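Notes to accompany the following structure.
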Amino acid sequence: MASDHGIVAFILEQIASAGDVRARPMFGEYGVYCDDRMVAMVCDDQLFVKPTPGGRAYVSAGADAGAIDEAPPYPGAKPCLLIDADRWDDADWLAGLVRISAAEIPLPKPKTPKPKAPKTPKPRPPR
């Protein structure tokens, strides 16, 4: 089931202070990026944040609103921090989690450009 674009827009609005945030559609769901690092996914209208040591510590320090579970965003995926929808309203907390997680996730490796085929000269018309 594809996630609702309105939910993705709300999450982006809530984490806007974390840095340069954006979402990209991926296989009917969304990848959430902060400063060119994929930090989270929205799958089936649920928010999954990639687990990092700092992110786990941040989440457990704010565990007063309930424990944060880890679950795979889709079958066969590695478990991620499943952020309860009740926590989405706390923009400062959510942006803090995204900022901390993004700082610990490495930038993606640059893509190597494909070699271009040499240009063949066009034949000149006879004079």
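Values below: all heavy atoms of this structure, side chains included; hydrogens, waters and symmetry mates excluded. Small disclaimer: the values here were computed from a predicted structure and weren't measured.
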### Query
Can we say Lys50 and Glu104 salt-bridge, meaning some charged N sits less than 4.0 Å from an Asp/Glu carboxylate O?
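Between Glu104 and Lys50 there is no salt bridge, as every charged N stays at least 4.0 Å from the carboxylate O atoms.
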
### Query
Is Arg37 salt-bridged to Asp20, cutoff N-O under 4.0 Å?
no

### Query
Which is it for Tyr30 and Asp4 under the side chain to side chain contact (heavy atoms under 4.5 Å, CB included) test, yes or no, and what are the steps along the way?
CA-CA 10 Å; Tyr30 292 87; Asp4 180 18; over 6 Å; no

Give, for atom [atom1] of [X] and atom [atom2] of [Y], the distance between the pair rounded to the nearest 0.5 Å.
X     : Y     : atom1 : atom2 : value
Leu82 : Glu70 : CG    : CD    : 9.5 Å
Phe27 : Cys43 : CZ    : SG    : 11.0 Å
Gln14 : Asp92 : CD    : CG    : 9.0 Å

#### Entry: Within-4.5 Å side-chain heavy-atom neighbours: Arg99 and Ile15
no

### Query
Taking C-beta and beyond as the side chain, do Val59 and Trp93 meet within less than 4.5 Å on heavy atoms?
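They are in contact (side-chain heavy atoms under 4.5 Å apart), so the answer is yes.
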
### Message
Pair Asp36, Arg22 - check side chain to side chain contact (heavy atoms under 4.5 Å, CB included), show working.
### Response
CA-CA 9 Å; Asp36 295 324; Arg22 61 188 169 88; 3.6 Å; yes

### Heavy-atom closest pair, residues Met38 and Ile105
O-CD1, 3.6 Å

### Message
When you measure from the side chain of Trp88 to the backbone of Ile83, do you find a donor-acceptor pair of N or O atoms at a distance under 3.5 Å?
### Response
yes

### Query
Val21 and side-chain contact (heavy atoms from CB on, under 4.5 Å): which partner among Asp35, Val32, Val39, Leu12?
Leu12

### Task
State yes or no: do Ile11 and Met26 share one hydrophobic cluster built from I, L, V, M, F, W and Y residues joined by side-chain heavy-atom distances below 4.5 Å, directly or via other members?
no

